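Counting convention: from 1, in listed order, for ligands and their atoms alike. Small disclaimer: the values here were computed from a predicted structure and weren't measured.
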Amino acid sequence: MKKKYYIETFGCQMNVHDSEKMAGIMKADGMSETLNPEDADILIFNTCSIREKAEQKFFSSLGRLRHLKKSNPALKIAVTGCIAQQEGAKILKRTPYVDYVIGPQNIHVLKDLDSIQIHSVACNDNPLIAATDYPVDRKDGIKAWVTIMYGCDNYCSYCVVPYTRGREISRPREKIIEEVEKLAQDGFKEITFLGQNVNSYKSDLDFPGLLNKANGIPGIERIRFVTSHPKDLSKELICSIRDLEKVCEHIHLPLQSGSSRILRLMNRKYSYEEYLDKILGLRDAVPGISITTDIIAGFPGESAEDHEATVNAIKEISFDGMFAFKYSHRPGTYASGFEDHLGDKIKSDRLYEIIDIQNQITENRNRSLYGSTQQILIESFVEAREGRQYQGRTRTNKIVNCTQSTPPAVAFIIGDLADVNITNTARHSLAGIIK
Ligand code: SAH
Ligand code: SF4
Ligand code: F3S
């Protein structure tokens with residue numbers, strides 16, 4: 001009987017993709033996946049420590065499933081991801097029923113489960129990570145994540161990532177291009193280049209150079225990338241988004257705060273004015289580009305004026321979408337040593353104010369697409385009485401639900417591109433009719 005693994009994933013796209021790699025590694029070792037933890041021989045918790053809440057979510061999940069060891073004493077529990085890296089052996093102390101602690105740079109140890117020692121910690125630096133080809137078990141057959149860099153060197157003062165993911169290192173471009181060519185042969189239509197700071201990519205090519213190479217691969221229709229750091233958003237990258245037909249008109253560009261004073265304390269290496277200048281450059285070169293962002297509310301020492309600056313920035317820039325978070329104290333980060341932490345109430349009030357304002361803006365921006373034609377990549381469909389209902393995304397990354405005009409000329413399938421006339425808009429999605 002094949003051994004079975006069950007993976008629960010927390011956190012960002014990087015972790016989602018690492019879970020696909022871990023699944024690939026274990027499948028190559030003859031194991032198979034189960035979606036039912038009760039059937040599993042190993043439970044893997046791929047964890048996130050970006051904010052306190054993410055950490056709590058993991059510990060409660062772990063607590064909820066630990067009883068399975070009683071009915072199945074051979075069951076193994078592995079903690080992987082960012083909490084594993086940050087806490088290391090402390091996890092074994094706090095929750096002694098955990099068997100393995102494996103950091104993000106050491107997932108290769110899963111290739112032979114029997115050889116890993118019980119109660120072991122694999123959290124060493126792995127300089128070979130960028131040169132390693134991991135087997136990847138992708139669930140989606142149309143859209144694929146492709147790692148282009150590992151780690152982060154930016155040390156934003158609030159952030160754990162440089163401690164959990166190690167030093168920034170770029171994958172050789174031949175490996176990336178080979179992977180994308182293989183994905184194209186396998187029928188994938190969209191790739192998303194992945195890294196904490198993709199626009200600082202550096203091999204024998206820079207990031208615009210890599211985009212240019214990927215743009216030439218037949219079969220791939222769309223190229224996306226996350227996340228970009230404002231300090232590395234070059235004129236060349238703006239030109240690539242403008243000129244390369246497969247590179248989609250969307251950029252996720254975390255602002256974090258609209259106050260240059262707070263940005264300095266965050267060690268973000270740009271001022272609000274510099275950020276705004278880049279936004280104007282993007283909109284000038286790529287009309288209709290969609291820009292989304294991340295904001296942290298209530299950073300230590302954030303005054304009413306600093307918060308106001310963020311509110312004004314959100315209104316001035318008019319983002320297409322935003323993820324906003326309450327500042328969360330992260331042990332070991334530089335900002336955790338600051339003295340003027342704000343109370344929870346004021347952080348929440350500021351967060352909700354920001355979210356309310358952005359919700360209205362998102363709705364208005366979507367409304368402005370009413371009557372336009374948008375190309376979507378079809379990701380799923382269901383058969384309904386009125387005909388097929390499709391779901392896909394625009395090049396600007398907005399979800400569209402649509403039907404075909406009657407009578408349909410041809411039935412579309414998953415992976416097709418279709419032009420849609422937008423007939424309805426809401427905050428989270430658009431609706432329309434395929435032309
Ligand atoms: N590398 C990406 C972001 C990674 S983390 C970048 O720099 O853009 C995703 C988001 O989590 C960050 O953009 C930030 O807004 C938020 N974040 C990170 N640390 C946080 C903390 N301590 N408290 C609240 N939000 C945080
Ligand atoms: Fe964290 Fe800053 Fe690196 Fe992003 S760039 S992962 S926010 S340290
Ligand atoms: Fe979380 Fe690690 Fe990603 S801390 S956000 S899983 S890089």
Could you pull out the N/O contacts under 3.5 angstrom between ligand 1 and the surrounding protein atoms?
unit_1: ligand 1; atom_1: 1 (N); unit_2: Gln196; atom_2: O; d: 2.8
unit_1: ligand 1; atom_1: 1 (N); unit_2: Gln196; atom_2: OE1; d: 2.6
unit_1: ligand 1; atom_1: 11 (O); unit_2: Arg51; atom_2: NH1; d: 3.1
unit_1: ligand 1; atom_1: 13 (O); unit_2: Gln256; atom_2: NE2; d: 2.8
unit_1: ligand 1; atom_1: 13 (O); unit_2: Asp294; atom_2: OD2; d: 2.6
unit_1: ligand 1; atom_1: 15 (O); unit_2: Gln256; atom_2: OE1; d: 2.7
unit_1: ligand 1; atom_1: 17 (N); unit_2: Arg51; atom_2: NH1; d: 3.4
unit_1: ligand 1; atom_1: 22 (N); unit_2: Tyr158; atom_2: O; d: 3.0
unit_1: ligand 1; atom_1: 22 (N); unit_2: Ser328; atom_2: O; d: 2.9
unit_1: ligand 1; atom_1: 23 (N); unit_2: Ser328; atom_2: N; d: 2.9
unit_1: ligand 1; atom_1: 25 (N); unit_2: Arg51; atom_2: NH1; d: 3.3

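Near Gln196, with a cut-off below 4.0 Å to any heavy atom, the atoms of ligand 3 are 7 (S).
Ring geometry, Tyr327 versus His341: the interplanar angle falls from 30° to 60°, so the pair is classed tilted.
One finds no salt bridge joining Asp186 and Arg138 here, because no Lys/Arg side-chain nitrogen approaches an Asp/Glu carboxylate oxygen to under 4.0 Å. A salt bridge links Asp344 and Lys326; the closest N-O separation between the charged side-chain nitrogens and carboxylate oxygens is under 4.0 Å. Under 4.0 Å is where a charged nitrogen must lie from a carboxylate oxygen, and between Lys3 and Asp114 at least one such pair does.
Considering only heavy atoms from C-beta on, Glu52 comes within 4.5 Å of Gln56 through its side chain.
Listed by chain and number, the protein atoms of type N/O/S under 2.8 Å from atom 2 (Fe) of ligand 2 are Cys156 SG; waters are omitted.
Protein atoms of type N/O/S that fall under 2.8 Å from atom 2 (Fe) of ligand 3 number 1 in this view.
Looking only at protein heavy atoms, the nearest one to atom 7 (S) of ligand 2 is Tyr158 OH, 3.4 Å.
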Donor-acceptor list for residues 36-45 side chains, cut-off 3.5 Å, not counting sequence neighbours:
unit_1: Asn36; atom_1: OD1; unit_2: Glu38; atom_2: N; d: 3.0
unit_1: Asp41; atom_1: OD2; unit_2: Lys4; atom_2: N; d: 2.6

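Ring centroid separation for the pair Phe299 and Phe325 does not come in under the 6.0 Å cut-off.
Ser259 contributes a side-chain N or O that, together with a main-chain N or O of Ile262, makes up a donor-acceptor pair within less than 3.5 Å.
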